[in-house]
Each structure stands twice: as structure tokens, then as C-alpha cells.
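Read the structure below first, then the notes.
We name chains A, B, ... by the order of the sequence lines, and we start the count at 1 in each one. This one's a predicted model, so the numbers in the text were calculated from it and none came from an experiment.
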Number of protein chains: 2
Amino acid sequence: MARPSGSDAGVTGPRVRDAAERLFAAHGYAAVSMRAIAAEVGIGAGALYHYTPDKQTLLFQLMRAHLEEVIAAWAETDPKGAPADRLDAFARFHIQFHLDRPEAVFIAYMELRALEPDNFAVIETLRRRYEAILRDILAAGVAAGEMQVADVPLAANALIAMLTGVTTWYREGGRLERGEVETLYAQMALGAVGAQKSSAKTF
Amino acid sequence: MARPSGSDAGVTGPRVRDAAERLFAAHGYAAVSMRAIAAEVGIGAGALYHYTPDKQTLLFQLMRAHLEEVIAAWAETDPKGAPADRLDAFARFHIQFHLDRPEAVFIAYMELRALEPDNFAVIETLRRRYEAILRDILAAGVAAGEMQVADVPLAANALIAMLTGVTTWYREGGRLERGEVETLYAQMALGAVGAQKSSAKTF
DNA sequence: CTTGGAATTGAACGCTCGTTCGGTTCATAT
DNA sequence: ATATGAACCGAACGAGCGTTCAATTCCAAG
């Protein structure tokens with residue numbers, strides 16, 4: 001018995017990536033064996049190598065696909081209005097992405113050290129590009145006099161860490177709804193840089 | 001040659017813990033082998049077992065010692081004044097601890113998933129106790145009308161994540177001095193909850 | 001100067017790791 | 001009906017894992 005009935009690469013491929021993503025996020029790249037991934041999918045360990053040349057590439061491709069998706073998704077979400085409104089939108093967008101794909105985001109931020117140098121360079125470039133979005137918003141806010149930020153890169157790092165941290169505690173079906181979490185984090189982000197939404201301005 | 005000259009448990013013991021802390025923080029618990037730790041210390045792998053019953057306990061004791069130290073240190077730092085001033089002090093304290101011992105703090109927050117259930121329960125209790133400090137400050141700030149916080153546990157989580165994130169980018173000798181980083185993070189923390197230091201109040 | 005315990009070596013154990021590969025079965029196109 | 005390639009199994013490889021232990025050497029107390 002070598003090829004079970006119903007086997008299909010179009011089905012198994014995504015299942016391999018899903019299983020790897022789940023397990024990497026839960027236990028960490030180094031702690032997850034190829035056999036564990038295969039068992040999660042329900043195939044033998046050897047069959048994994050129809051879907052990835054090796055374990056490292058499996059991680060790398062998960063991270064790259066995710067980061068490219070995030071960057072592309074923001075490009076379509078960016079309201080392109082006042083900096084304070086863009087920051088509000090960015091905070092909500094970031095939170096939404098985390099709550100939609102907690103595993104992928106967690107891996108992208110936590111398993112950088114597991115990447116081999118060449119792969120790390122690629123991922124790091126994408127990560128910097130994403131963080132540059134927030135830096136640009138803050139710089140524009142300072143220029144427009146809408147925000148008080150003493151150091152833009154520092155503030156961007158601090159806000160990203162704050163927003164990303166939502167995955168460490170939020171659980172679906174808990175005390176707070178997703179929309180509430182979004183709103184509260186966005187308010188804190190605006191408050192941290194001394195800004196407020198244009199709709200809340202007091203003239 | 002089995003026992004080299006100059007060997008001394010009083011010296012080797014701390015060096016084992018230091019090496020483990022450094023390597024765990026850099027590569028992750030699962031990715032660090034006992035042989036790698038031993039090599040860093042300059043002894044054989046077998047000799048490590050004079051200083052720890054096993055690898056898991058080595059991690060556990062590092063985390064517990066660190067968390068107990070943080071909690072004790074804050075008890076002596078707490079200004080016990082107005083909530084806004086306590087939050088300012090807490091933010092500075094947290095940042096200082098991160099910059100003094102980036103490896104230990106990083107491990108305590110990142111390697112929770114590497115702990116066996118019994119050890120996890122102990123560490124989780126200590127971690128909650130530390131986070132409760134911040135929750136108490138925020139709750140007092142809300143009660144005193146000094147802060148606007150819609151949800152105290154959420155705000156505490158967000159602030160802790162923001163403050164802890166400093167380790168991911170700060171490097172000694174970089175663009176910013178430690179004191180500046182402290183001040184900027186404390187300002188952002190206060191801003192995020194709509195507070196300000198008592199010395200900055202406008203009467 | 002002797003002696004006993006402390007510190008360490010280095011080999012070895014059983015196990016699991018990532019990866020390879022020959023063989024086997026299923027799905028599909030002709 | 002047949003043939004071909006895709007999908008997969010299961011065994012195997014060498015390497016490295018955490019851990020144990022007898023043997024060995026150093027240090028300090030008497």
C-alpha cells in the first residue's frame with residue numbers, strides 16, 4: 001500500500017503548509033519535527049518532500065508569503081487621508097490581520113532567528129518595508145503638527161510591539177469582541193503619539 | 001586528564017547559567033544543545049549535570065530566578081505616590097530591567113511554550129503577579145480620575161508588550177542613550193492611557 | 001603526607017532528527 | 001484496456017540529541 005485512494009497534491013499541499021504554520025506557531029520551528037508535521041497531515045514524513053525541498057524552505061516560504069500579503073493588503077486599505085486617520089486605520093488593520101492569522105503573524109515576528117542568512121535577508125527586507133509604512137505615517141503626522149513624537153523610529157517600534165502583542169492574550173469568544181479590541185488599541189496608539197482622529201477634533 | 005586545574009564549582013556554576021541564558025535567548029531553548037552550552041563554558045557535556053538535573057530544569061530555574069528578582073526589585077522601586085507617577089516609574093523600571101538583562105527578560109517572555117506543564121504553572125503564576133502590578137496602577141489611575149482606560153487588563157497587556165519590545169531593536173552604543181529611551185517610552189505609556197506626570201500638571 | 005570527596009572527562013546508550021530512495025498503488029489520458 | 005506519471009509508504013542513512021557513568025585528576029582538610 002503506497003498510494004492511498006483520494007490522495008491529491010492540490011489538497012495535500014495546502015494542508016502541509018497549514019499544519020506547518022500551526023505547529024511552528026505553537027511549539028517553535030526548532031521544536032517541530034518533519035514527522036510531526038506529516039502526522040498532522042496524515043501522511044508519511046517522506047511525502048512532505050513533494051511539497052518542500054526542505055524544512056527551512058517550508059518556514060521561509062510561509063514567512064515570505066505572509067509578509068507580502070500583509071504589505072499588499074495595506075496598500076488597498078490605506079485611506080491616504082490625514083496622518084491621524086491613517087494611524088487609526090493602520091492600528092485597526094494590524095490588529096485585524098493578527099486576529100485573522102495569529103499563527104502566520106506570530107511566526108513572522110518570532111522565528112526570524114531560525115532563518116538561514118540568505119533567507120533572513122529577504123524576510124528582513126520585507127519586514128522593514130512594512131515597518132516603514134508606520135514610520136511614514138508618524139513622520140507625516142509630525143510634519144502636519146498632528147502628532148508629538150520625539151523619535152519616529154522608536155515610536156514606530158513601540159507601537160508595532162504593542163499592536164503585535166495582541167496575539168499573546170486574545171482568544172476568540174473571550175470577554176472582548178474583536179471590534180472592541182481594535183478600537184481600544186487604536187485609541188491607545190493615537191494617545192501614545194499625542195494624536196486624535198479628525199472626526200473627534202474640537203474646533 | 002579528567003579534572004583540569006583551576007576547576008571550581010563556585011565559578012563554573014554561574015558560568016553555566018550565563019551561557020545557557022545567552023544561548024537560549026539567541027537561538028531558542030529547543031535549538032540549543034547541552035553540548036553547545038558546555039562548549040560555551042569550556043567543559044564537557046557530562047559536567048553540566050553537576051549543575052542541573054536536566055535541560056528543562058536549567059530553563060525553569062533561569063526563568064523563576066529572573067521573575068522573582070523583577071518582582072522583588074519593583075517592590076523596592078515603587079514610589080507609592082500618584083498613579084500617573086507610579087506608571088511613569090513602572091515604565092522606566094521595566095525598560096531599565098530589559099536593557100540591563102535583555103536575555104533573561106526575552107527568555108521569560110518567549111520560552112513559556114518550552115516549559116513542561118508543572119513548571120509552566122509556576123512561571124505563569126509569577127508572570128501574572130508581575131502583570132498585576134501594572135493592572136493595579138491603571139485601576140488606581142482610573143479610580144483617581146488621572147487616566148482614561150476603557151479596559152484595564154487590555155491596556156496592561158498592550159503596555160507590557162510595548163515596553164518589552166524594546167529588546168528587539170535597542171543596541172548599546174546606538175543612536176539613543178538609555179535614559180532617552182526610558183523617557184520616550186514612559187511618555188508614550190502615559191499618553192496611551194491619557195495621563196501625565198504630576199510634575200507636568202497645569203493648574 | 002595522606003586521603004577522600006569534588007570536578008570533570010570521554011565514551012557510550014537509546015532515541016529522534018532531517019533527508020533520501022526504491023518500490024508500490026492510484027488517477028488519468030489515451 | 002493500457003500505460004504513464006503523480007502521490008505516497010516505509011525502511012534506511014548518518015548525524016546529533018539528552019543523559020548516564022566509570023575512570024581520572026585535582027584540591028583541601030587532617
Could you tell me whether the side chain of B:Leu126 reaches within less than 4.5 Å of the side chain of B:Met63, counting heavy atoms only?
no

Just the rounded figure in Å: distance from P of D:dC17 to CG of B:Asp54.
17 Å

Does the distance from a Lys or Arg side-chain N to an Asp or Glu carboxylate O, for A:Asp151 and B:Arg175, drop under 4.0 Å?
yes

Pairs involving residues 106-160 of chain A, ordered by first then second residue, that meet ring-ring contact (aromatic ring centres under 6.0 Å, His included) (sequence neighbours left out):
A:Phe90-A:Tyr130, A:His94-A:Tyr130

If I take atom CD1 in residue B:Ile37 and atom C1' in nucleotide D:dG18, what distance separates them, rounded to the nearest angstrom?
11 Å

For residues 176-194 of chain A, tabulate all N or O donor-acceptor pairs below 3.5 Å that involve a side-chain atom, not counting sequence neighbours.
residue, atom, partner, partner atom, Å
A:Arg178, NH1, A:Asp100, OD1, 3.2
A:Arg178, NH2, A:Asp100, OD1, 2.8
A:Glu180, OE2, A:Glu177, N, 2.8
A:Glu182, OE1, A:Gln96, NE2, 3.1
A:Glu182, OE2, A:Gln96, NE2, 3.2
A:Thr183, OG1, A:Arg92, NH1, 3.4
A:Thr183, OG1, A:Arg92, NH2, 3.4
A:Thr183, OG1, A:Gly179, O, 3.0
A:Tyr185, OH, A:Trp169, NE1, 3.0

If you look at every heavy atom in B:Val41 and B:Arg15, which pair is closest and at what distance?
O-NH2, 2.8 Å

Produce the list of close N/O pairs, under 3.5 Å, pairing protein atoms with atoms of nucleotides 13-17 of chain C; give distances to one decimal.
residue, atom, partner, partner atom, Å
C:dC17, OP1, A:Ser33, OG, 3.3

Interatomic distance where CG belongs to A:Leu48 and P belongs to D:dG10 [whole Å]
14 Å

Whole-Å gap separating P (D:dC17) and CD (B:Gln56):
18 Å

Is the closest basic N to carboxylate O distance between A:Lys197 and A:Asp85 below 4.0 Å?
no

How long is the line joining CG of B:Leu23 and P of D:dC17, in whole Å?
12 Å

Below the 4.0 Å mark, does D:dA7 have OP1 or OP2 next to a side-chain nitrogen or oxygen of A:Thr12?
no

Whole angstrom value for the distance that separates P of C:dA6 from OH of B:Tyr51
12 Å

Please state how far atom CD1 in B:Ile43 lies from atom P in C:dA6, giving the value in whole angstrom units.
17 Å

Output yes when at least one side-chain N/O atom of A:Tyr49 is less than 4.0 Å from OP1 or OP2 of D:dC8, else no.
no

Please determine, for the side chain of A:Ala47, which listed nucleotide (C:dT9, D:dC9, D:dA7) has the closest atom?
D:dC9

Least distance between heavy atoms, B:Gly165 atom then A:Ala161 atom:
CA-CB, 3.9 Å

Need one value for B:Gly46: base, sugar-phosphate or nothing, where a base atom within 4.0 Å counts as base even if backbone is also close, heavy atoms only.
base

